[in-house]
Amino acid sequence: MPRALITGITGQDGSYLAELLLSLGYEVHGLVRRVALEDARHRLSRLEGIRDRITLHSGSLESFASLYRAVQIIQPDEVYHLAAQSFVSYSFEDSFSTFRSNIDGTHFVLESVRQAAPHCKVYFAGSSEMFGNAPETPQNEQTRFCPRSPYGISKLTGYELSRNYREAYGMFVCSGILFNHESPRRGYEFVTRKITSHVARIKQGQIRDLPLGNLEARRDWGFAGDFVRAMHMMLQQPTPQDYVVATGQSHTVQEFCELAFSHVGLNWENHVIVDPNFYRPAEVFELTGDSTKARRELGWQPDVDFAGLVRMMVDADMEDGLRASGFGLRRE
Ligand code: NAP
Ligand code: F7E
């Protein structure tokens, strides 16, 4: 039975990946911050359905000792390094802690594997934010990186560290350059979940408005459940390589709003307010991925399209709202 360690298992991608690996017969271990174990109901909520089938180890990206210990004890065949300070906006507020978590944390994971389990394969969660305002559209593995945020810089450094460990020590390390992927498990601070959770609360009469920043920003949004399949596929290849993973279709924040509001019979223009507080000091205006290599070499393709994603997220938030207000219980 193959053994996997997932850092960031409590996050959106970590939870989907853990489910995928369990379904493939893996023994799944996850690294979690100690506080998560103290407040399991809240902090492990995304793992609710699989909690008794995975083993959690406490540790943090700030501590080499905790990462080394986890790798040494578990002796994994595959490490999926997903843990990170992942919110771009916050990286402008505190670039220092973002760099510490995302750069040092990645370095610690790679060095732990090198020292304690050198034959283990490693997946690094790279990001389309490494492209920034790229000189060409769509972006592929050859496109020049030009990050526009401390987050993007931290991911680019993690990507370079991963490449260096692969080249210097012959380790099997792959970076996925993943474009935005969303789901009903997305954090509420990201724009898609902010929109769908507000749409549900507006529809249910709890609030009236949705304050947003740049409505013209364009992103290539896919479904997280589709994207974690690509992470696993990368580590099953004969040689370690880096891959862009994306749907190839991009939409503006406004288009996301239009679809989300209209799905529940509302007009977005009656509710969305542009609030400059949500603008970023440096914006990435457009990202669209060319995942030809992943499709050709991994056989990967997404199952959920943009409209399907928006409907899935709005429906889930509507259901959550009804359950919280007791309607769901009354209906049953
Ligand atoms: P997420 O939901 O924000 O999850 C982040 C995970 O990292 C959480 O489990 C979090 O644990 C953990 N973490 C954060 N700081 C930590 C620390 N100091 N020590 C230990 N654990 C820490 O992110 P996601 O959307 O699943 O994304 C997964 C990875 O892919 C991230 O590296 C992200 O940067 C990258 N990525 C995401 C996207 C996307 O569109 N989703 C696209 C490209 C790349 P807590 O629960 O304790 O906070
Ligand atoms: O912003 C604009 C905002 O925060 C998307 C992370 O998973 O994907 C994610 O990063 C766009 C930006 O995601 C609001 O300015 C407008 O242009 O949902 P987001 P992100 O910054 O693209 C990449 C690939 C990652 O790797 C990251 O980890 O939407 N926008 N108004 C807004 N964004 C937010 N959050 N809130 C607003 O009110």
Side-chain angles (χ1 to χ4, degrees), residues 1-34 36-37 40 43-61 65-84 105-106 108-125 162 165-166 169-176 178 181 183 185 223-243 245 294 297-301 303:
M1 180 187 276
R3 204 176 297 139
L5 167 62
I6 303 174
T7 71
I9 195 169
T10 58
Q12 170 187 259
D13 290 7
S15 63
Y16 281 111
L17 180 65
E19 287 168 12
L20 172 72
L21 296 180
L22 285 172
S23 76
L24 295 173
Y26 278 68
E27 179 183 314
V28 175
H29 296 256
L31 187 93
V32 296
R33 294 193 250 206
R34 191 184 52 78
L37 300 172
R43 287 174 169 267
L44 301 181
S45 61
R46 293 185 179 105
L47 301 173
E48 227 170 47
I50 54 169
R51 182 65 192 87
D52 55 349
R53 297 166 62 204
I54 57 180
T55 308
L56 299 180
H57 305 258
S58 69
S60 96
L61 291 179
S66 69
L67 291 163
Y68 179 85
R69 194 174 52 238
V71 172
Q72 198 192 34
I73 290 171
I74 298 162
Q75 287 294 312
D77 300 296
E78 297 172 8
V79 169
Y80 294 86
H81 176 41
L82 309 185
T106 301
F108 293 163
V109 167
L110 290 166
E111 185 58 22
S112 298
V113 171
R114 186 175 85 87
Q115 287 188 27
H119 300 297
C120 170
K121 298 176 180 180
V122 180
Y123 171 84
F124 169 65
S162 299
Y165 268 75
R166 182 167 68 209
Y169 308 117
M171 284 168 54
F172 194 112
V173 186
C174 298
S175 291
L178 270 54
H181 45 279
S183 74
R185 299 183 194 171
F223 170 52
D226 285 338
F227 279 49
V228 299
R229 282 193 283 109
M231 298 176 185
H232 175 255
M233 286 169 160
M234 285 179 213
L235 296 197
Q236 313 316 309
Q237 298 309 301
T239 55
Q241 293 188 48
D242 306 325
Y243 297 87
V245 181
E297 294 183 11
L298 306 179
W300 177 83
Q301 61 172 36
D303 289 338

*Contact check, side chains of Leu67 and Val71, non-hydrogen atoms, under 4.5 Å*: no
*asked:* To the closest 0.5 Å, what do you measure between CG (Asp52) and CG (Leu47)?
replied: 11.0 Å
*What salt bridge (charged side-chain N to carboxylate O under 4.0 Å, His left out) pairs are there with at least one residue in residues 23-34, not counting sequence neighbours?*
Arg3-Glu27, Arg34-Glu38
_Any donor-acceptor pair under 3.5 Å linking the side-chain atoms of Glu111 with those of Tyr68?_
no
_Pair His181, Tyr16: side-chain N/O donor-acceptor within cut-off below 3.5 Å_ = no
_Nearest 0.5 Å, please: how far is CE in Met234 from OG in Ser175?_
8.5 Å
*Is there side-chain contact between Val109 and Ser112, with heavy atoms separated by less than 4.5 Å?*
no
_Does anything in residues 6-24 form a salt bridge (charged side-chain N to carboxylate O under 4.0 Å, His left out)? List the pairs, not counting sequence neighbours._
Glu19-Arg185
*Have a look at Phe227 and tell me which of Tyr243, Tyr123, Trp300 forms a ring pair (Phe, Tyr, Trp, His ring centres under 6.0 Å) with it.*
Trp300
*Could you state the interatomic distance from CG (Leu31) to OG1 (Thr55), rounded to the nearest 0.5 Å?*
12.5 Å
*Where do Ala18 and Ile50 come nearest, in terms of heavy atoms and distance?*
CB-CD1, 3.6 Å
*Close side-chain approach of Leu298 to Val245, heavy-atom, < 4.5 Å*: no
*asked:* Could you check whether any side-chain heavy atom of Tyr26 comes within less than 4.5 Å of a side-chain heavy atom of His232, counting everything from C-beta outward?
replied: yes
_Residue pair Leu61 / Phe108, side-chain heavy-atom distance below 4.5 Å_ = no
_Can a donor-acceptor pair be found, under 3.5 Å and without considering hydrogens, that links the side chain of Thr7 to the backbone of Ala83?_
yes
*Nearest heavy-atom pair of Val173 and Ser162: which atoms, and what distance?*
CG1-CB, 3.6 Å
_Tell me whether Glu48 at atom CD has more than 12 heavy atoms from other residues, nucleotides or ligands lying less than 6.0 Å away._
no
*Please report the closest heavy-atom contact between Gly25 and Met1, naming both atoms and the distance.*
O-CG, 3.0 Å
_Step-by-step side chain to side chain contact (heavy atoms under 4.5 Å, CB included) determination, Tyr80 to Leu235_ = CA-CA 9 Å; Tyr80 294 86; Leu235 296 197; 3.7 Å; yes
*Between CD1 of Ile73 and NE2 of His57, what distance do you get to the nearest 0.5 Å?*
7.5 Å
*Distance, nearest 0.5 Å, that separates CG of Leu82 from CG of Leu17*: 6.0 Å
*Can you measure from CZ (Phe172) to CD (Gln241) and round to the nearest 0.5 angstrom?*
8.5 Å
*With sequence neighbours left out, which residue pairs that include part of residues 66-78 fulfil the salt bridge (charged side-chain N to carboxylate O under 4.0 Å, His left out) condition?*
none
*Any side-chain heavy atom of Arg166 within less than 4.5 Å of one from Asp242?*
yes
*Over all heavy atoms of both residues, which pair between Ala4 and Leu21 is shortest? Give the atoms and the distance, please.*
CB-CD1, 3.7 Å
_Heavy-atom pair of closest approach, residues Ser183 and Phe223_ = CB-CE1, 3.8 Å
*What pairs with Leu37 under side-chain contact (heavy atoms from CB on, under 4.5 Å), at least two apart in sequence or on another chain?*
Val32, Leu56, Ser58
*Mind checking what makes side-chain contact (heavy atoms from CB on, under 4.5 Å) contact with Ala84, not counting sequence neighbours?*
Asn102, Lys155
_Closest non-hydrogen atom pair, Gln237 against Glu297_ = OE1-O, 3.5 Å
*Can you pull the salt bridge (charged side-chain N to carboxylate O under 4.0 Å, His left out) pairs that have at least one residue in residues 226-239, sequence neighbours excluded?*
Asp226-Arg229, Arg229-Asp303
